[in-house]
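Encoded as structure tokens, the structure appears first; notes follow it.
Here is the naming used below: chain letters follow the sequence lines, and residue numbers restart at 1 for every chain.
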Amino acid sequence: MELRLDRVTKKYGNKLAVDRLSTVMGHGVYGLLGANGAGKTTLMRMVCDIQTPTEGAILLNGVPVRDMGEEYRDLLGYLPQNFGYYPDFTPWRFMLYIAALKGLSKGAAKEKSMELLKEVGLAEVRNKKIKTFSGGMKQRLGIAQAMLNDPEILILDEPTAGLDPKERVRFRNLISSMAQERLVLLSTHIVSDVEYIAKKILVMKAGQIIHEGSTREILRAVEGKVWECVVPAKQADAMAQQFNVGNLKYVEDGKVLLRVIREGKPAESAVQVEPVLEDVYLYYFEG
Amino acid sequence: MRNGKAVRFFLAENRAPAPDAGKKRADMDLFREQVLHLPVCRKKKIPVRMWETAAFIHPVSWVLQMLFLLCGIYWAKWYGGKTAVTGIAAIVPLFTAVGGYELSKAVFYQMWELEKSCRYDTRSVAEMKLLLFGMCDLAALTVFSLLVYGESGDFLQVCFLVLMPFNVSSGVYLFLLEQFPARNGNVLLIGAGGMMSAVQILFRQDWERLTAALETAGTGLVLAASLLFLAGMIVRYCREREREDRILWNLD
């Protein structure tokens with residue numbers, strides 16, 4: 001399977017949300033990393049055929065997804081950033097509703113719904129109202145509904161927003177286990193969400209992919225540019241204003257440990273350290 | 001014919017040997033594998049889709065529609081005459097508001113995006129609901145029309161107090177839902193429904209002048225215009241479900 005984005009552009013009036021974006025994706029997890037307003041959601045919606053590109057095309061195995069219509073949507077599982085539900089819905093009813101819209105038969109809908117609710121740990125509470133659920137439970141329900149049609153393409157827009165660290169790890173592992181035989185495109189601005197599970201990371205800024213590659217390849221962009229130094233608190237404040245500072249930790253004797261991302265040595269005592277993906281993020285989304 | 005008889009005789013006399021366990025297991029495995037490769041999503045027939053859509057409509061909506069219908073019947077049977085006709089005329093716009101609310105729930109509750117990514121997308125759901133409520137409304141309209149005709153014996157009153165208000169109120173609701181797809185849409189519908197009911201009561205009070213004016217314009221023409229208005233609003237509403245420029249970018 002090959003999902004090709006060919007010079008995809010989306011304009012909202014005068015605003016350019018996605019700018020001639022091109023990439024090719026196959027099986028595996030693809031992490032779409034970018035700050036708020038980078039155009040991630042617009043891109044996701046276009047990949048899901050919810051919005052039409054102003055220019056360019058999205059092709060699945062060489063066929064424009066616009067032309068495939070419901071045939072394409074049959075292959076799709078989508079978790080929107082702000083997914084809603086009807087107030088009277090329980091997880092069970094919600095799953096059956098989405099299954100009906102996805103074209104599953106009644107028997108298959110029931111079987112698959114129960115299987116997925118068990119998988120995301122919501123089978124026990126399937127008859128409780130969704131409105132009583134925590135953010136994490138709702139997100140798990142969101143991923144379960146996206147899997148109802150056993151999609152080949154799974155699109156997850158900010159799936160870990162509002163989750164606590166434990167739930168985030170659980171969610172990450174769940175996605176990783178689901179990505180064996182499908183394409184998972186996951187947008188986030190939380191670096192650790194994709195750091196360990198993504199086959200490829202796409203860094204998006206101002207509607208364009210400014211960098212793409214594996215975590216290792218992406219890290220190369222900041223190799224030799226990440227420094228750590230211990231400086232007096234007063235100097236640390238000045239450096240925080242002047243440089244791109246990742247971490248700032250108060251140590252002893254009024255001194256501060258700084259992690260700085262920049263081309264040259266930020267201070268005499270600074271030593272070069274191994275970069276992590278968060279440094280890349282700060283490097284690209286500085287200010 | 002003789003051959004057929006011979007084959008039947010042969011089959012009756014000869015039993016198929018029982019499959020051995022290994023072959024049976026292999027066939028079952030093959031079957032399971034084939035089932036796994038069957039497409040999960042399938043095209044469904046319209047009656048199935050309608051049945052499924054109806055099952056997910058909130059029970060309160062059905063109860064409300066039934067309540068309005070029973071109110072109309074009760075009014076006609078209890079009061080009779082002019083009061084009954086006025087009551088039914090006031091009920092018609094409120095009756096149609098229930099369908100309007102159900103129609104726009106996807107937008108009220110942020111379900112549209114999820115629905116749009118499914119095989120049967122938001123537009124398809126809206127069309128199915130329109131069909132479903134259209135059928136219910138048609139049945140209720142027939143009852144209301146018969147009641148009004150039974151009370152007044154005047155077909156003109158059926159046209160101007162039941163059919164035309166139905167077309168206009170349904171059209172107005174669709175217009176409002178399309179223009180103001182907000183969470184408080186149901187309040188908007190109730191407000192508009194209440195206003196149209198009040199207008200209906202006023203019309204009924206001033207029936208003589210109204211009929212004179214409408215007859216001048218031509219009964220058929222007025223009815224056809226109201227029907228065209230409704231049809232136009234349905235088309236517009238369905239098209240709007242497809243429009244994207246309403247989706248705001250998060251920087252806007």
Heavy-atom cut-off 4.5 Å, strictly under: side chain, backbone, both or neither for B/Ala106 against chain A?
both
More than 12 heavy atoms of other groups within 6.0 Å of B/Ile46 CD1
no
Distance from B/Ser117 atom OG to A/Met44 atom CE, nearest 0.5 Å?
12.5 Å
Greater than 12 external heavy atoms within 6.0 Å of A/Lys11's NZ
no
So, the side chain of B/Lys116 versus the backbone of A/Asp49: is there a donor-acceptor pair under 3.5 Å, distance only?
no
Are more than 12 heavy atoms, taken from residues, nucleotides or ligands other than B/Met135, located less than 6.0 Å from that residue's CE atom?
no
Which one, A/Gly69, A/Ala100, A/Cys48, leads in non-hydrogen pairs under 4.5 Å with chain B?
A/Ala100
Identify, with sequence neighbours excluded, every residue that meets side chain to side chain contact (heavy atoms under 4.5 Å, CB included) alongside B/Ser170.
B/Thr96, B/Phe166, B/Leu230
Best-contacting candidate, B/His58, B/Glu115, B/Glu52, against chain A by heavy atom pairs under 4.5 angstrom:
B/Glu115
B/Gln110 to A/Asn82 - nearest heavy-atom pair and separation
OE1-O, 3.6 Å
Pick one of side chain, backbone, both or neither for B/Val125, based on which atoms fall under 4.5 Å of a heavy atom in chain A.
side chain
Looking at every heavy atom in both A/Gly103 and B/Tyr120, which two are closest together, and how far apart are they?
CA-CE1, 3.9 Å
Would you find more than 12 non-hydrogen atoms of other residues, nucleotides or ligands less than 6.0 Å from A/Lys110 atom NZ?
no
Chain B contact via A/Leu96 - which portion, at a heavy-atom distance below 4.5 Å
both
Might you confirm whether atom CZ of A/Arg182 has over 12 heavy atoms from other residues, nucleotides or ligands at distances under 6.0 Å?
yes
Report which part of B/Lys105 has an atom under 4.5 Å of a heavy atom belonging to chain A: side chain, backbone, both, or neither.
both
What residues form a ring-ring contact (aromatic ring centres under 6.0 Å, His included) with A/Phe89, not counting sequence neighbours?
A/Tyr86, A/Tyr97
Is chain B contacted by the side chain of A/Glu71, its backbone, both, or neither, given a heavy-atom distance below 4.5 Å?
neither
For B/Met66, look at atom CE and say whether over 12 heavy atoms of other residues, nucleotides or ligands are found less than 6.0 Å away.
no
Please determine whether the number of non-hydrogen atoms from other residues, nucleotides or ligands lying under 6.0 Å from atom CD of A/Glu2 exceeds 12.
yes
Evaluate the side-chain proximity of A/Ile98 to B/Met111: yes if any heavy-atom separation is below 4.5 Å, no if none is.
yes
Selection from A/Asp88, A/Leu79, A/Leu76, A/Leu101 maximising heavy-atom pairs under 4.5 Å formed with chain B
A/Leu101
Does any part of the side chain of B/Leu114, heavy atoms only, come nearer than 4.5 Å to the side chain of A/Tyr85, both counted from C-beta?
no
Looking only at atom types and distance, does a side-chain atom of A/Arg73 sit under 3.5 Å from a main-chain N or O of B/Cys118, one as donor and one as acceptor?
yes
